[in-house]
Amino acid sequence: MTAAAGPDTGALSAVPLPDAGQAGEALRMRHLIYGQLRSRAVCAMAELGLADLLAAEGPLTADTLAGRTGAHPESLARLLRALAAFGVLEADGGEPARYALTPLGATLRSDAPGSALPTALLALAATGPAWQRLPEVVRDGRPAYGAAHGRDFFAHLDEDPWLRTVFDRSQETGLALELRGVLDALDLTGTRVVVDVGGGDGALLAGLLSARPRLRGVLVDRPAALPAARARFAAAGLGERCEAVEGDFFGTLPSGGDLYVLRHILHDWDDDACVRLLRSCRAAMAPGARLALVDHMTDPADGPERAEWGALMDLYMMTLFGGGRERGRAETEALLRRAGFTVTAVTRLPGGSAVVEARPAAAGEGALDAVLHWMSGYLGNPHPELGRPGAVCPFVEPALRAGTVRTRVVTGVAPARAREELRALVGEIADDLETAEWAHSNRTLHTVVAVLPELPRPLWPLLDEVQAELKARLARRGMMLGQFHPDCPEPAARNPRFRVSRSPLPLLAIRRMALHDVLFLHRDPALFAEYRRRFGDRYARGTAVDPLFRQVYEEAAQAMSEGSGAR
C-alpha cells in the first residue's frame, strides 16, 4: 500500500514570509495594482447611465436596472455590489437589495454640477486605451494615443463629433470646479476685451463674460471647435459681446485684447512649443495687455494629495501627447521668461490648478536670459531635421563655456530709419568683434550678439535684407553675419524645409568665418573667394575635412574655374 502524499513542507518553508509591516505594504501595493478595476467599474456605470436612472427612479434593484439597461442581471448585480463597496452606491440591506446613489456616485449624473460623467466616458472611449500602453510610452518615449487609435488626439476630436462633444463637456464640467477660483484670482478692473486662446466650446469665456457684463470676448481655436462655441455664446445671450474665430495659436493671434487667457493648453505641449505659443500671444499684445495661464501646478512641497493628483495628470499627458507634461511653478515661470514675459502673480486653486498672471517684459527685461537659454538649448543641441548629427552650431556650447559670447540689448530703433540704424548696428558689432579683448585665444569662438526685443514684427524682414546686403562686406573682413528672428526663413544647409534660424527674439550675430561656412558661401563667387583665401590650404593639404564640405568646396572651385575660363 502506497502512503498518501502529504504537503511539500520543504517547498513551503522556502517561501520568504513577510512580517506584519511587510505584509501590510504588500497588500497596499495590490490595491494600487487593482485600482484599474475601480476605474473600469466606475466607467462601466457611466456608460450604462446608472446614475441618471437611479437619480430619476431609485432606489432600484439589480434586476430592474438590468431591464432598463439591457445588461446581464447577475453580472450587473456583481458590479453594483462592487460599486457599493467603493462608496459610489449604497444598498438598503433588503432582499433583493435596492441601490441608491451616494454623494460620490451622484457626481456621475449628467446634470450634476461639475459632473464627472463626460470624464468617465472620455476615459472609457479615448484616453483609457492610451493609458493601457504606458509601458510602451516609458520604453520608447513616444505618446501612445496614435498607436491606440490610429491618429493623434486632436485629429480624433476633429473627425468624431460624438467624441468632440464628450471632450467639450468634460472641459466644461472641469471648468465648473475652477471658475469661481479663476474669477477670484483675476483682477479684471479696466479689462475690456478677453482673448481665449484655444478656448474650445467657449465655456470659460462664457463664464467670464457672464460674471462681468462689461467684458467683450474673442475665442480662437481650430475650425471643428467653433460651431459649439458659437452655439454656446448665442444660447447665453453673448452673441453681440463675443466672437469665435479660426486661428492657429502658433501663428498670428487676434490683436487688441487686454487679457489673453490659456486654460489647460500648455500641458499638451513640449517646452519649445509652449514658448512658440506664448510668443504668439506676446506678439499680439498691445502695451498694457496681460496674460493669464490656468493649468495644473504641483511642486514637491504642495503636500501628498496635490502631489498625487499632479503625478496622475502628468502620466495622463505623457500617454497622450509628445512632450505633454504637467509643470511646477519654477518650470512654468522659466517658460514665460523664455517667451519674454514677467510673472506678476500666482494663485493656487483648490483642485490642484493655479492661475499664473504675467505681462510682457519691459525692453531688455529677460531678453538676454531668453536668448542665452535658446543658444544653450536649441543651438547647442542636435536636431534630426538638420539632416546631420551634432549641434545646430558647433561653436555655441564651447563659446558659452569659454565666456566668448558678448551680448548687448538694443532698444529705440526708429521705424522710419530702421534700415539705416540696423546697418549701422552691424558695423558697430563688427568693430566690437575685432577690437574687444577676448578671454580666450580661440578666435572661432568669438561672437557678438545684438538682441532687439522692441523691434516690431513688421520690421523683422529687415534683418534678412540687411544680412543679405552686408554679408559680402563682412566676409571680406573674415566675418559671418547671421540674422535670427521668430519668422526667419533661413533654411538648414542639408534640409531646405527646416527653418534653422528661428529665435525667441530678433537678433543679429557676428562671428569669425569658420571651415563649415563653405555651406553658406559657395554659391557666390566673391564670397567663395574670401572663404578659399582663408581655408583653401586645408583642402589642398588633404587635411581631414567633412566629406560634404569637400564636395561643396570642390564643386564651387570647379564652377569658379569654369566661370573664369568663360570670361
Side-chain angles (χ1 to χ4, degrees), residues 197 249-253 260 262 265-266 269-287 289-293 295 323 327-344 346 356-381 383 391-393 395-397 399-401 403-413 422 425 429 447-457 459-460 463 482-488 490 499-511:
V197 181
F249 49 45
F250 293 111
T252 302
L253 293 172
Y260 287 73
L262 293 91
I265 300 294
L266 295 188
W269 304 96
D270 64 27
D271 287 356
D272 290 341
C274 287
V275 172
R276 291 202 309 274
L277 193 165
L278 292 168
R279 286 177 189 145
S280 293
C281 293
R282 193 181 189 283
M285 295 169 72
R290 296 177 296 143
L291 177 77
L293 310 179
D295 236 321
R327 296 174 175 87
R329 177 168 180 166
E331 295 167 300
T332 302
E333 292 188 359
L335 291 181
L336 287 163
R337 285 196 302 273
R338 284 180 58 191
F341 286 92
T342 297
V343 174
T344 57
V346 177
V356 181
E357 297 177 73
R359 59 170 174 80
E365 183 183 3
L368 291 182
D369 283 345
V371 168
L372 290 172
H373 189 283
W374 167 75
M375 292 177 70
S376 60
Y378 171 76
L379 289 183
N381 288 329
H383 294 269
V392 173
C393 178
F395 300 111
V396 165
E397 192 275 332
L400 289 172
R401 190 171 62 246
T404 56
V405 178
R406 296 172 66 90
T407 55
R408 66 168 74 176
V409 174
V410 179
T411 60
V413 175
L422 291 174
L425 175 63
I429 60 177
T447 306
V448 181
V449 178
V451 185
L452 298 116
E454 289 184 333
L455 192 70
R457 191 172 198 159
L459 296 183
W460 292 351
L463 297 177
Q483 86 287 9
F484 303 83
H485 56 81
D487 295 336
C488 187
E490 196 71 32
R499 304 307 177 196
V500 73
S501 296
R502 293 188 169 171
S503 60
L505 294 169
L507 61 94
L508 293 163
I510 295 182
R511 59 168 174 79

Ignoring hydrogens, what is the shortest heavy-atom contact between [X] and [Y]? Give both atom names and the distance.
X: Val410; Y: Pro453; value: O-CD, 3.7 Å
X: Phe341; Y: Pro360; value: CD2-N, 3.7 Å
X: Trp374; Y: Pro504; value: CG-CD, 3.3 Å
X: Val275; Y: Ala339; value: O-CB, 4.0 Å
X: Trp269; Y: Ala273; value: CB-CB, 3.8 Å
X: Val197; Y: Cys281; value: CG2-SG, 4.2 Å

Got a donor-acceptor contact below 3.5 angstrom from the [X] side chain to the [Y] backbone?
X: Glu490; Y: Phe484; value: no
X: Thr447; Y: Val405; value: no
X: Glu331; Y: Gly328; value: yes
X: Ser280; Y: Phe250; value: yes
X: Trp460; Y: Leu455; value: yes
X: Arg359; Y: Thr342; value: no

Atom [atom1] in [X], atom [atom2] in [Y]: separation rounded to 0.5 Å?
X: Asp272; Y: Leu335; atom1: CG; atom2: CG; value: 9.0 Å
X: Cys274; Y: Leu266; atom1: SG; atom2: CG; value: 4.5 Å
X: His485; Y: Leu507; atom1: NE2; atom2: CG; value: 9.5 Å
X: Leu293; Y: Ile265; atom1: CG; atom2: CD1; value: 10.0 Å
X: Leu463; Y: Ser501; atom1: CG; atom2: OG; value: 11.5 Å
X: Arg290; Y: Met285; atom1: CZ; atom2: CE; value: 9.0 Å

#### Entry: Residues forming a ring-ring contact (aromatic ring centres under 6.0 Å, His included) with His373, sequence neighbours excluded
none
### Task
Indicate yes or no: does Arg457 engage Asp487 in a salt bridge with an N to O separation below 4.0 Å.
yes
### Message
Any salt bridge linking Asp270 with Arg276? Criterion: basic side-chain nitrogen under 4.0 Å from a carboxylate oxygen.
### Response
no
### Message
Run the side chain to side chain contact (heavy atoms under 4.5 Å, CB included) test on Arg338 and Leu278 for me, step by step, so that the C-alpha distance in whole Å, both residues' side-chain angles and the decisive distance to 0.1 Å come before the verdict.
### Response
CA-CA 9 Å; Arg338 284 180 58 191; Leu278 292 168; over 6 Å; no
### Message
Between Val371 and Ser503, is the side chain to side chain contact (heavy atoms under 4.5 Å, CB included) condition met? List the steps.
### Response
CA-CA 8 Å; Val371 168; Ser503 60; over 6 Å; no
### Query
Between Asp295 and Leu262, is a side chain to side chain contact (heavy atoms under 4.5 Å, CB included) present by the stated rule, with each step listed?
CA-CA 8 Å; Asp295 236 321; Leu262 293 91; over 6 Å; no
### Query
Do the rings of His383 and Tyr378 sit parallel, tilted or perpendicular, given the 30° and 60° boundaries?
tilted
### Query
Would you say the side chain of Leu372 lies within less than 4.5 Å of the side chain of Met375, judging by non-hydrogen atoms?
yes
### Task
Flag the pair Arg327 / Asp271 as yes when at least one side-chain heavy-atom distance between them is below 4.5 Å, and no otherwise.
yes
### Task
Go through Leu452 and Leu425 one step at a time and tell me if the side chain to side chain contact (heavy atoms under 4.5 Å, CB included) criterion holds.
CA-CA 11 Å; Leu452 298 116; Leu425 175 63; 4.1 Å; yes
### Query
Taking only residues two or more places apart in sequence, or in another chain, which ones meet Arg279 in a side chain to side chain donor-acceptor pair (under 3.5 Å)?
none
